[in-house]
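Encoded as structure tokens, the structure appears first; notes follow it.
None of the values given here were measured: they were computed from a predicted structure.
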Amino acid sequence: MWVLVLFDLPTETRKDRKAATRFRKNLLDDGFNMFQFSIYLRFCASRENAAVHIKRTKMNLPKHGKVCIMQITDKQFGMIELFHGQKEVAPETPSQQLELF
């Protein structure tokens, strides 16, 4: 499973910028990687593991702005077509996820 967090947060005031920065920092601390400027993603080994990270993200939602959390399968993620300008770019191969028991 892949968990994608898409967001559009206000940055007009210092308080808004601080909240947006805190939200992004929490995503990075939880193992998410930046896919695009306002899109972060994380590989999860199972739906249960994805639910844990979604719950953490929901606990850290800022008061203002829009946040979307989406789950897609590894197969769906593999079918993403990426372009940089007009050239097609090969998607990054996901690193191996290790689990400690």
Side-chain angles (χ1 to χ4, degrees):
M1 295 294 305
W2 288 87
V3 177
L4 284 82
V5 178
L6 305 89
F7 55 90
D8 186 16
L9 303 176
T11 56
E12 286 83 34
T13 66
R14 184 173 185 203
K15 186 177 179 181
D16 287 342
R17 285 189 297 274
K18 193 171 185 174
T21 300
R22 189 177 325 112
F23 182 68
R24 285 191 299 273
K25 186 174 177 345
N26 286 335
L27 288 174
L28 292 170
D29 289 345
D30 195 27
F32 284 82
N33 294 307
M34 186 170 76
F35 187 65
Q36 289 185 358
F37 288 122
S38 293
I39 302 174
Y40 284 68
L41 58 86
R42 185 186 201 290
F43 177 77
C44 296
S46 65
R47 288 187 188 272
E48 292 79 18
N49 185 247
V52 169
H53 294 287
I54 290 170
K55 184 177 178 182
R56 275 191 207 141
T57 302
K58 287 180 180 180
M59 288 189 316
N60 294 316
L61 290 175
K63 287 186 177 185
H64 304 288
K66 296 178 183 177
V67 177
C68 171
I69 302 172
M70 181 179 6
Q71 297 179 61
I72 61 173
T73 64
D74 197 39
K75 184 175 181 178
Q76 290 169 325
F77 184 78
M79 293 188 304
I80 292 176
E81 294 184 50
L82 298 173
F83 297 91
H84 186 322
Q86 293 184 356
K87 283 198 273 185
E88 186 170 359
V89 178
E92 289 185 27
T93 55
S95 58
Q96 183 178 6
Q97 183 71 28
L98 301 176
E99 290 189 34
L100 300 174
F101 296 96

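Within the 4.5 Å cutoff, no side-chain heavy atoms of F7 are placed close to those of L61. Contact of the D74 side chain with the F43 side chain is registered, since non-hydrogen atoms from C-beta on lie closer than 4.5 Å. Within the 4.5 Å cutoff, side-chain heavy atoms of L28 are placed close to those of Y40. Side chains of L9 and V67 form a contact here, defined as non-hydrogen atoms less than 4.5 Å apart. Contact of the M1 side chain with the N49 side chain is not registered, since no non-hydrogen atoms from C-beta on lie closer than 4.5 Å.
Between the NZ atom of K15 and the NZ atom of K63 there is a distance of 6.0 Å, given to the nearest 0.5 Å. From T11, atom OG1 reaches atom CG of D16 across 7.5 Å, with rounding to the nearest 0.5 Å. Atom NE2 of residue H64 and atom NZ of residue K66 lie 14.5 Å apart, to the nearest 0.5 angstrom. The line from CG of N60 to CZ of R24 is 13.5 Å long, rounded to the nearest 0.5 Å. Here the straight-line distance linking atom CD of Q76 with atom CD of Q71 works out to 10.5 Å at 0.5 Å rounding.
Between the side chain of R56 and the main chain of D30, no donor-acceptor pair closer than 3.5 Å is present.
No continuous path of hydrophobic side-chain contacts links L41 to V5 [ILVMFWY only; heavy atoms under 4.5 Å]. Side-chain heavy atoms closer than 4.5 Å link hydrophobic residues (I, L, V, M, F, W, Y) into clusters, and following such links, possibly through other members, connects F23 to I69. Residues L82 and F37 do not share a hydrophobic cluster, clusters being chains of Ile/Leu/Val/Met/Phe/Trp/Tyr side chains in contact below 4.5 Å. No path of Ile, Leu, Val, Met, Phe, Trp and Tyr side chains, each step under 4.5 Å between heavy atoms, connects M34 with M70, placing them in separate hydrophobic clusters.
Atom CZ of R17 sits in a crowded spot, with more than 12 heavy atoms from other residues, nucleotides or ligands closer than 6.0 Å.
The shortest non-hydrogen separation linking A20 to P10 is CB-O, 4.4 Å. When all heavy atoms are compared, the tightest approach of G31 to R42 is O-CG, 3.6 Å.
A side-chain contact (heavy atoms from CB on, under 4.5 Å) with F32 holds for exactly one of T57, L4, N26; it is T57.
Between W2 and F77, the ring planes are parallel. Angles under 30° get that label, and only those over 60° would be called perpendicular.
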